[in-house]
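Step one of this worksheet: look at the structure below.
Every value quoted in this text rests on a predicted model; they were computed, and no experiment measured them.
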Amino acid sequence: MIILPLDWFPLNKPSAGDYFHMAYNIITPLLLLKLIERSPKTLPNSVIYISIMTFVMGASIHLVGDSVNHRLIFSGYQLHLSVRDNPIMQNLQPPTLVDSFELLYYYDEYLGHSMWYIPFFLILFIYFSGCFTTVKRESEMPLSAWSLLLPSSLYYWYLVTEGQIFIIFIFTFFAMLALILHQKRKGLRLDSNGLFLLLSFSVTLFLIAVWIVWLWNDKILRKKYPGVIYIPEPWAFYTLHINSLH
């Protein structure tokens, strides 16, 4: 929406971002399969295939919901408000149509994200479980890996904040730490791949903390995210503080 704005494309046709998302739904599962093939530890093939199919289905549900939600912005929809609190929804006739949009939001933000990210982080953890070695030299990260650390962390930061999946992320992170302690008793240490993934998650956690502190006193975003875990979505911040300036 920023680099290739939606108004460059017909609103009743897929945008460039939609096509990129379609490509993601094809390329990422393939990369995950290749990743798990390199891991010495894995799950039965049937579990892996079901996880990948669930991932594709969840990401596809999100693709449709997200595409519709972004187009609603042109009609005055505000992402920092709940569906029912949006002005265009309050004027919608008949009022029962709001229930349909709430169902779309549920498919996108809850069901789609759960089916998308749970298999994603499960496969990452399975791969991580095979990233241990007894050779000290294999634990050293090359310079190229250090240069990719920040982009990788920013990617995970966006997944966690925009996807509202902090519980899934932090559970995976703690599981990784527990596995490290368990393997350390066996005299094993992380290799460079495992260390890169662990550092990416650590920097991601730091970026999330900075994001929360920065928006801690935002009363409008606080109203949309009233729970114990307060992590605003970047697109909600964009429509509230940046898009309104244009």
Any idea which heavy atoms bring [X] and [Y] closest together, and the distance?
X      : Y      : value
Leu199 : Met141 : CD1-SD, 3.7 Å
Asn25  : Ala59  : OD1-CB, 3.3 Å
Ser153 : Thr204 : O-OG1, 3.2 Å
Arg84  : Gln90  : O-CG, 3.6 Å
Asp218 : Leu221 : OD1-N, 3.1 Å
Leu188 : Phe132 : CB-CB, 4.1 Å

Using modelled atom types and a 3.5 Å cut-off, is there a donor and acceptor pairing between side-chain atoms of [X] and backbone atoms of [Y]?
X      : Y      : value
Asp191 : Asn193 : yes
Tyr230 : Leu215 : yes
Arg222 : Trp216 : yes
Trp211 : Pro232 : yes
Ser147 : Ser144 : yes
Tyr158 : Pro234 : no

Flag side-chain contact, heavy atom, 4.5 Å: [X] against [Y]:
X      : Y      : answer
Trp146 : Leu149 : yes
Leu124 : Leu35  : yes
Glu102 : Asp99  : yes
Leu198 : Leu177 : yes
Ile118 : His113 : no
Phe173 : Phe121 : no
Met176 : Thr172 : yes
Leu63  : Tyr24  : no

### Message
Can you confirm whether Ile220 is buried at CD1, in the sense that more than 12 heavy atoms of other residues, nucleotides or ligands lie under 6.0 Å from that atom?
### Response
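No, the 6.0 Å shell around CD1 holds no more than 12 heavy atoms from other groups.
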### Query
Does a sphere of radius 6.0 Å around OH in Tyr110 hold more than 12 heavy atoms from other residues, nucleotides or ligands, not counting ones at 6.0 Å or beyond?
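It does not: Tyr110 OH has 12 such atoms or fewer within range.
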### Message
Using the rule given for side-chain contact (heavy atoms from CB on, under 4.5 Å), can you reason through Tyr225 versus Ile231, listing the C-alpha separation, both sets of side-chain angles and the distance that settles it, and then say yes or no?
### Response
CA-CA 7 Å; Tyr225 308 96; Ile231 304 179; over 6 Å; no
### Task
Begin with the C-alpha distance, continue with both residues' side-chain angles, and end with the deciding distance and a verdict on side-chain contact (heavy atoms from CB on, under 4.5 Å) for Val68 and Asp108.
CA-CA 10 Å; Val68 174; Asp108 177 15; over 6 Å; no
Classify the ring geometry between [X] and [Y] as parallel (under 30°), tilted (30 to 60°) or perpendicular (over 60°).
X      : Y      : answer
His62  : His21  : tilted
Trp116 : Phe55  : perpendicular
Tyr156 : Phe120 : tilted

### Task
Name all residues meeting the ring-ring contact (aromatic ring centres under 6.0 Å, His included) criterion together with Tyr127; count only those two or more places apart in sequence or in a different chain, and write none if there are none.
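Checked Tyr127 against ring-ring contact (aromatic ring centres under 6.0 Å, His included); zero matches.
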### Query
Distance from Asn45 atom CG to Ile52 atom CD1, nearest 0.5 Å?
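Here the rounded value is 11.5 Å.
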#### Entry: NZ on Lys223 to OG on Ser82, rounded to 0.5 Å
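Here the interatomic distance stands at 7.5 Å.
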### Task
Quick one: do Leu32 and Ile36 satisfy side-chain contact (heavy atoms from CB on, under 4.5 Å)? Show the steps, please.
CA-CA 6 Å; Leu32 290 175; Ile36 207 66; over 6 Å; no
